[in-house]
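In what follows, a single structure is set out as structure tokens and then discussed.
The sequence lines fix the lettering, A, B, ..., with proteins before strands; numbering per chain opens at 1. The structure displayed is predicted, hence computed values, not measured ones. Keep in mind that the numbers below use all heavy atoms, side chains included, and drop hydrogens, waters and symmetry copies.
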Amino acid sequence: MSEYRPAEFEEKWRERWEREGVYRSKVDWERPKHYALTMLPYPSGDLHLGHWFAMVPSDARARFKRMKGFNVLFPMGFDAFGLPAENAAIQRGIHPWKWTYENIENMRRQFRSMGAMFDWEREAVSCTPEFYRWTEWFFNRFLEGGLAYRGEALVNWSESLQTVLANEQVIDGKDERTGQPVVQKLMSQWFFRITQYADELLEFDEMDWPEAIRKAQTNWIGRSEGARVAFTIEGETSIEVFTTRPDTLWGATFMVLAPEHDLVDQLTSEDQREQIAEYVAAAAKASEIERSAEDREKTGVFTGSYAQNPASGEKIPIWIADYVMVGYGTGAIMAVPAHDQRDFEFARKFDLEVRPVITSPEGVVDAAAMTEAYVGAGAMFNSGPIDGTRCTDSKGRSNPAIAAAIEWLEDHEVGREAINYRLRDWLISRQRYWGCPIPVVRRADGEYETVPDDSLPVELPQDVEFMPTGRSPLKSNSDFMAAVAKDGGPAERETDTMDTFMCSSWYQYRYLSPGYDGAPFDPEEAAYWLPVDTYTGGAEHATMHLLYTRFFTKAMRDLGMFEDAATVMRQRGRDPGRIFDEPMVVLRNQGQVLGGERSGDVVRATGSTVGNVLHADRVEVVGDAPASCEPDEMVGEIMRRTENILTLTAPDGGLMTVEVEPDASIDIPGIDGVNSVGQLRHHLEVQRMSKSKGNVVNPDVWVDRHGADVLRAYLMFGFDWAKGGPFDSGGMQGVARWLQDVWAIGTTPPTGPGDPEQEAMIERRLHQTIEQVERGLEEFSFNTAIAALMAFRNDLRAALREDHLGDDAWRATMDVMVRLLGPFAPHTAEELWERLGGDFSVHAQEWPAYDPEKAAEDTVTLVVLVNGKVRDRVDVAADVGQDEARTLGLATEGARRYIGDSGPRKVIFIPARKGQEPKLNIVV
RNA sequence: GCGAAAGUGGCGGAAUUGGCAGACGCGCUGGCCUUAGGAGCCAGUGGGCUUAGCCCGUGGGGGUUCGAGUCCCCCCUUUCGCACCA
């Protein structure tokens, strides 16, 4: 037996895997394929623990799939365009190319120590001309296909810097870096028509995606059924509104336009002009989230104009208010204060008419007495032709009142049924340097035309100067700007670049053939590998990235980009069916590894003691805890806080309870103003790792200390993968012990003859373990898979200690166990496999076959319950039937204690199921 | 504010279809061993009690059921997303 010294073999195996191309993935139509994909990282500079946490379990599962007989593709690359590179350029004078490439180099090197089975020959880097040539090419196709267009959108505009800022750069209406004020400004930009696919994007049939993601996308798309209605204004103009409640049209007593609405200027009367201008300017300063907050006091200004309600024929005033968003619907609403809470609040504040048109359960509603809008069901009144129609709670045409209103609108040609989406078209323009150029030029006549495909890519110029303001350096680069139109005339190049979500919308296709130059991807590869079978990544991408990539795939399908791949598939006898409808079949999200800050506030609480509890009327955060406390005083570190109950460490190491009175004064020197109980920090504060908090965990440190396999196993064992949680180096010790034990077991052949009965027990446990590990890997439950292997280690070690295993049994057990270990601890498994005499490589071996018969127990424990509480147990045959179980169960001591003379009222037998003992519940 | 998810020992977390709550690991307690360590081995470890046993226990309150961590209703708390961060 030797000691477990991973440093002595991990690097050796990584070199050999690379040298022999163990992880090269090649098309092989004889074998089933599995495309495992993990979200590509941004090259921020260092491979941190979060990357390990995201990628190591995906790697383990990809390895498992390979052992199960799949030909696995598991590629990796970099999402290399983006703001941080540009910030580095501005702040430190490093060119984004250099910064990004150096980071990529460094991360590639760090990636190696993970020991993952990435096929690096498939690597794709989105900021390389070979990659973004095709991103540009997609833009051209989308434009041709009518999926790209120019439109107007609000941007965060800094007047003083003359530049556009990202949302994250704006804090409280100011540029977070320079403190310069930021306003919302309309700007002409490029869009993709994702809304054209809104309905199809709502379909998730045959997709194995988390419910949370599907809900997030469904809400994001926000389909609502209703009508568009035109309100005429004196003269020819009309304002179109979208409403989900056309039935309440007769109750529309005013209109509200978003401050940015096109017609605001035209509708403003002279005497209102000043007020309106002021209000529009103020609204531009508020963000959309602030504006749509419901508890915000309603504000608005009357334009001075009136529109005609097409139903009642009445003149109704037109206001502007920031609770109406220019980007939703038509940017204008008909206000029905009696039946919409927002409109109601607005009407009460500005003393506008409230006219009910739906009866409440109490009958006709008295407008003057209303304190809130009535949004329930009833019958229509005050509504001319639709009076008396029943109004239900349902939405769209299934509501009789809405159906009647829509018919009336269409008959009178003042409106029509319409579906509106919250989803807006995808704004792809970014006023940045470090992104994929948009391949268009603007001719002298102001029209845009695309750069022909054979001139792609439009390359980013190397020689640029970065402004401290953040303004795109492309604008002042005359070589880049100068272009020639197709007719030979002068033209100006587009200086906006594309949203980086463009690159990540199709990178899964570039991985198939990163060097291919005839198309974005090689149809021969695509035919075999597509679609992505398993996609893993963070849930924060729920709506944007994952919606965009779905849209992209559907657009590609409709533009015929998968035709060649489909042809190849048919030649190979595989039916393409609908596989190009969606990019990824299975999606799973992992959580985040967080940094743990392991100290709570030390507080002094004073008040009155009742029993063991101190009722505190004063709590202050102090420095260190003293050795003892005064009466009616407790001092200690907060270990836990549940609402207003604090648990403090006592000077003697015990725990004390403090109940903080509602009106207690709380003093936290570090936090200004009036402090609350909720601001008190308790032990084990969990937060994101960040350099400023000094809680960043560097994976290299732990690889040096324990080896890559221990870190891998810890990350898979210590967390619910979908949830994440705080990194705890103590927890790694248990995983290290496990691999040390496995090592010791695998390198120490037994010397005794063994005990056949015990050997059978170990074989049974082994097969149970195969099943548990396999299920864990299939279901992304990595922690339970490793727990099963640890439990098996416990049994195996106990058996070996007692000399229960002979050499043959030990070898047979090792043969299986080491293969089970492969996905989790690839280096250790490889080293043990070799020492046990196996052929290179363990990762090319077949996954051990689970045999249910070998896993089956002969006897099981019948659990005897009385009224649902466990009262006794009795050993029975594994296939015990109801009658026998009933007889045995009722005869147990525990059961007899509770069964009176009258006998049991009812007996329920729950037969044994997989992993569960049979049960007998006796009701008395 | 809107939307989504989650809440289980001192800690990370298990619990398959409504069927023994706390697997596995950390920590802790006791013992052993030793070339004394960030070591190893053995045993114990949800809380409580009048301890052959019993009672309580999955954020709080109510309900359905022979049986609820799991299903339903109300409430509280936390985390995540909200369109130019990726």
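- Scanning atom types as modelled, one donor and one acceptor separated by under 3.5 angstrom connect the side chain of A:Q189 and the base of B:C84.
- Heavy atoms of A:A539 sit nowhere under 4.0 angstrom from any nucleic acid atom.
- With hydrogens and angles left out, the side-chain atoms of A:Q772 and A:Q768 include no donor and acceptor closer than 3.5 Å.
- Here A:R432 lies in heavy-atom contact (under 4.0 Å) with a base.
- Atom CZ in A:R588 sits roughly 15 Å away from atom C1' in B:A5 (whole-Å rounding).
- Taking 4.0 angstrom as the limit, A:N921 places none of its side-chain polar atoms (N or O) nearer than this to OP1 or OP2 of B:C20.
- Contact annotation: A:T543 side-chain N/O to B:G81 OP1/OP2 distance is not under 4.0 Å.
- By the rule that a glycosidic angle within 90° of 0 means syn, B:G38 does not qualify and counts as anti.
- Between A:A787 and A:D720, the one whose closest nucleotide on RNA chain B sits nearer the 5' end is A:D720.
- Using a 4.0 Å heavy-atom cutoff across all strands shown, A:I910 reaches at least one base atom of the nucleic acid.
- A:Y42 comes within 4.0 angstrom of the backbone, heavy atoms only, and of no base.
- RNA chain B contains the following stems of three or more consecutive Watson-Crick or G-U pairs, with both distances under 3.5 Å: B:1-7 with B:76-82, B:10-12 with B:24-26, B:27-32 with B:40-45, B:46-49 with B:53-56, B:59-63 with B:71-75.
- Taking the centre of each ring, A:F81 and A:Y42 stay at or above the 6.0 Å mark.
- A straight line from CE of A:M544 to C1' of B:C84 spans 8 Å, rounded to a whole angstrom.
- Listed nucleotides: B:C84, B:A86, B:C24. Nearest to the side chain of A:T500: B:A86.
- Between B:A14 and A:N783, a contact under 4.0 Å exists linking OP1 or OP2 to a side-chain N or O.
- Across all strands, A:D499 comes closer than 4.0 Å to no nucleic acid atom at all (heavy-atom distances).
- Applying the 4.0 Å criterion to OP1 and OP2 of B:A6, one finds that A:K723 has every side-chain N and O outside that range.
- Comparing the same atom, C1', in B:U79 and in B:C74 gives a spacing of 22 Å after rounding to whole Å.
- Relative orientation of the A:F727 and A:Y714 rings is perpendicular, given thresholds of 30° and 60° on the angle between their planes.
- Checking A:T549 against A:Q508 by side-chain atom types alone, a donor-acceptor pair falls below 3.5 Å.
- OP1 or OP2 of B:C54 lies within a sub-4.0 Å distance of a side-chain N or O belonging to A:Y898.
- As a whole-Å value, the separation of A:D741 CG from B:C24 C1' is 14 Å.
- The phosphate of B:G38 (OP1 or OP2) has no side-chain N or O of A:R705 nearer than 4.0 angstrom.
- Among the heavy atoms of the strands, none lies under 4.0 Å from A:S504.
- Atom CZ of A:R873 and atom P of B:C20 are 11 Å apart (whole Å).
- Remark: A:R214 is not in phosphate contact with B:A4, judged by side-chain N or O atoms under 4.0 Å from OP1 or OP2.
- Within the structure, every side-chain polar atom (N or O) of A:R424 is placed at least 4.0 Å from both OP1 and OP2 of B:A83.
- Between A:F346 and A:Y323, the ring-plane angle classifies as tilted under the 30° and 60° cut-offs.
- When the nearest nucleotides of RNA chain B are assigned to A:T784 and A:K906 by heavy-atom distance, the more 5′-ward of the two goes with A:T784.
- A:W738 comes within 4.0 angstrom of no nucleic acid atom, judged by non-hydrogen atoms across all strands.
- A cation-pi contact, defined as under 6.0 Å to the ring centre and within 45° of the axis, links A:R705 to A:W702.
- When the side-chain nitrogen and oxygen atoms of A:R793 are compared with OP1 and OP2 of B:G25, one or more of them lie within a distance under 4.0 Å.
- Looking only at atom types and distance, the side chain of A:W426 has a donor-acceptor partner in the side chain of A:D499 under 3.5 Å away.
- Between the CZ atom of A:R775 and the P atom of B:U17 there is a distance of 10 Å, given to the nearest Å.
- Taking atom C1' on both nucleotides, B:G19 is separated from B:U65 by 12 Å, rounded to a whole Å.
- The phosphate of B:A83 has neither OP1 nor OP2 within less than 4.0 Å of any side-chain N or O from A:R422.
- Aromatic ring pairs are classed by plane angle as parallel below 30°, tilted from 30° to 60° and perpendicular above 60°; the pair A:W209 and A:F204 is tilted.
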**Verdict with reasoning, A:F53 to A:Q592, per side-chain contact (heavy atoms from CB on, under 4.5 Å)** = CA-CA 8 Å; A:F53 186 65; A:Q592 229 176 358; over 6 Å; no
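- A:H541 comes within 4.0 angstrom of a base, heavy atoms only.
- One finds the CD atom of A:E3 at 11.0 Å from the CH2 atom of A:W743 (value rounded to the nearest 0.5 Å).
- Residue contacts for A:V164: at a heavy-atom cut-off of 4.0 Å it reaches a base atom on one of the strands shown.
- Between the side chain of A:R905 and the base of B:C66, no donor-acceptor pair under 3.5 Å is found.
- A straight line from CE of A:M325 to P of B:A83 spans 12 Å, rounded to a whole angstrom.
- In the set B:C66, B:C24, B:C26, the nucleotide with an atom closest to the side chain of A:V923 is B:C66.
- Across all strands shown, A:G724 has heavy atoms under 4.0 Å from sugar-phosphate atoms exclusively, and none from any base.
- If you take CD1 of A:I786 and P of B:C24, they are 15 Å apart, rounded to a whole angstrom.
- The residue A:V907 sits apart from the nucleic acid: no heavy atom pair falls under 4.0 Å.
- A side-chain donor from one of A:T195 and A:D425 sits under 3.5 Å from a side-chain acceptor of the other.
- Distance CZ (A:F191) to P (B:C84): 9 Å, rounded to an integer number of Å.
- For B:C54, the OP1/OP2 oxygens have a side-chain nitrogen or oxygen of A:R871 closer than 4.0 Å.
- Comparing B:G46 with B:G22, their P atoms sit 9 Å apart, to the nearest whole Å.
- In the interface, the side chain of A:Q431 is paired with the base of B:C84 through a donor and an acceptor atom under 3.5 Å apart.
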